[in-house]
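The analysis underlying the following values was restricted to heavy atoms, covering all of them including side chains, and did not include hydrogens, waters or symmetry mates. Counting starts at 1 for both ligands and their atoms, in listed order. Quick note: residue numbers are just sequence positions, from 1.
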Amino acid sequence: MTNPADRNAALAARDLKHIWHPCTQMHDHAVAGGVPMLPIVRGEGAWLVDAEGRRYLDGISSWWTNLFGHANPRIAAALAEQARTLEHVIFAGFTHPPAIELAEELVRITPAGLDKVFFADNGSAAIEVALKMSFHYWLNQGHGGKTRFIALTGSYHGETLGALSVSDVALYRKTYAPLLLTPILAPSPDAYEGEPGETPARVAARRLAELRALLERHAHETCAVIVEPLVQCAGGMRMYHPDYLAGLRRLCDEFAVHFIADEIAVGFGRTGTLFACEQANISPDFMCLSKGLTGGTLPLSAVLTTQHVYEAFYAEYSAGKAFLHSHSYTGNPLACSAALATLAIFRDEPVLERNRTLAAHLARRLEPLRDHPHVAEVRQTGMIAAVELVADKATRRPFPAEDRRGLRVYLHGLRREALLRPLGNVVYFMPPYVVSEAEIDHLVAVAAAGIERAVE
Ligand SMILES: Cc1ncc(COP(=O)(O)O)c(C=O)c1O
């Protein structure tokens with residue numbers, strides 16, 4: 001029998017014997033005193049509990065998926081019921097009530113005009129679907145010369161080859177660049193990269209002018225512009241003004257290219273509105289959803305598009321215009337029922353109001369960090385807040401990536417019951433919506449102490 005005090009070590013050893021983890025240099029786990037491999041055996045609310053009973057407050061919603069707490073009883077009950085009824089069925093030629101209800105509900109709650117739903121099974125797959133659908137739309141309309149995509153610098157849309165092609169985070173892209181499509185990169189409206197004294201709205205206007213110039217040159221060969229609305233998450237929680245989205249909508253219409261809104265990370269209330277696009281009052285041609293869609297319980301994604309796009313594929317079989325994309329688990333009933341239970345919570349509870357109060361509390365708690373000599377910026381959009389650490393506050397010179405300052409914050413957090421997982425030099429907060437004000441206080445206190453250690 002394993003000594004209870006060694007349960008973590010025993011499980012970690014078994015894990016490391018066979019499992020290869022994502023986004024991980026596995027050697028980090030082999031170094032004595034290095035990065036621990038933590039076996040989590042249960043979750044409750046915003047907390048994760050390891051095999052030895054130690055707790056970790058999930059400050060990042062387990063890669064931005066969890067909305068209403070771990071092992072949420074309402075979602076768990078819906079899943080159990082569905083598992084006893086229908087676990088899966090082929091989704092070509094067959095359908096089922098959870099998918100039908102979910103499609104109806106998604107059409108109801110997303111911006112006007114998004115009336116068609118294509119299901120996929122994770123965020124990257126949704127991006128693949130949107131890219132292929134946009135290209136195929138233009139092909140079916142007789143514009144086969146449109147084969148390229150415009151993406152923003154600093155963007156992240158996933159790591160399958162198509163999604164990675166339209167991503168611009170060097171860490172993920174550089175190694176695989178020879179395998180990728182070459183996007184046309186437009187400068188991000190990221191307000192942090194603005195000129196000194198320039199407002200976020202001015203940065204957005206300047207970047208729109210630059211995008212216009214790109215479209216003048218490339219619209220004839222461009223299928224779509226793809227963006228993460230309001231917050232470029234994996235690129236360092238970089239934030240921008242909603243004017244950019246409104247301007248982008250106008251430019252896409254003017255130059256006849258699609259607008260793909262990747263709301264995989266920012267959808268479902270993260271930015272203060274149910275969908276980030278609402279803050280610019282716009283409706284994209286494609287909206288990609290995943291992560292929070294199932295409340296963080298099961299992989300599922302959806303691409304919403306317009307009746308107009310749908311009609312470009314709708315023809316006699318012999319015309320060969322049908323959209324070709326099929327994953328075995330498309331529209332999985334378990335995942336759909338988890339999504340329905342998640343959306344029912346949004347209907348029944350004042351989620352967005354409560355988030356506003358929590359976000360304001362988080363903002364107050366983070367305020368003192370603005371004066372820290374190694375903090376260049378504290379920024380926030382709804383339930384996403386980020387602290388940008390720099391080597392030099394005056395010039396905003398970053399710490400070299402190889403210093404791995406963020407890792408020090410992460411390790412400090414684990415010792416103090418908090419899961420914080422900085423993106424390089426950016427310490428961020430993206431907690432489940434069930435977090436309490438006291439728990440936010442804990443996260444911020446641990447992060448502040450971790451930052452002190454990280455900048456030494
Ligand atoms: C904006 C955005 N798009 C797409 C993805 C890819 O989603 P997945 O990890 O489910 O493939 C992510 C994941 O972090 C994301 O943040």
Start with the C-alpha distance between Y137 and F313, add both sets of side-chain angles, then the distance that settles ring pair (Phe, Tyr, Trp, His ring centres under 6.0 Å), and finish with yes or no.
CA-CA 7 Å; Y137 166 92; F313 294 80; 7.1 Å; no
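Below 3.5 Å of separation, one finds an N or O of S124 facing an N or O of ligand 1. Considering backbone and side-chain N/O atoms, G123 comes within less than 3.5 Å of an N/O atom of ligand 1.
Near W64, with a cut-off below 4.0 Å to any heavy atom, the atoms of ligand 1 are 14 (O), 16 (O). Residue A265 has at least one heavy-atom neighbour below 4.0 Å for each of these atoms of ligand 1: 16 (O). Counting atoms of ligand 1 from 1 in the listed order, those under 4.0 Å from a heavy atom of N122 are 10 (O), 11 (O). The distance from ligand 1 to the heavy atoms of D262 drops below 4.0 Å at these ligand atoms: 1 (C), 2 (C), 3 (N), 4 (C).
Between the side chains of H258 and S134, a donor-acceptor pair is found at a separation under 3.5 Å. Counting only N and O atoms by type, the side chains of D15 and H29 include no donor and acceptor under 3.5 Å apart. Side-chain atoms of W47 and E417 include no donor-acceptor pair closer than 3.5 Å.
When heavy-atom distances to ligand 1 are checked against a 4.0 Å cut-off, K291 comes that close only through its side chain, counted from C-beta outward. Residue C233 does not touch ligand 1, judged by heavy-atom distances below 4.0 Å.
Within 4.0 Å of atom 14 (O) of ligand 1, at least one protein heavy atom is present.
Nearest protein heavy-atom neighbour of atom 12 (C) of ligand 1: Y156 CE2, 3.6 Å.
A donor-acceptor pair is defined here as one N or O able to donate and one able to accept, closer than 3.5 Å; no such pair exists between the side chain of E210 and the backbone of P187.
Geometric assessment of R249 against the ring of F259 yields a negative cation-pi assignment under the 6.0 Å and 45° thresholds.
Within the model, atoms OH of Y329 and NE2 of H88 stand 6.0 Å from one another, a figure rounded to the nearest 0.5 Å.
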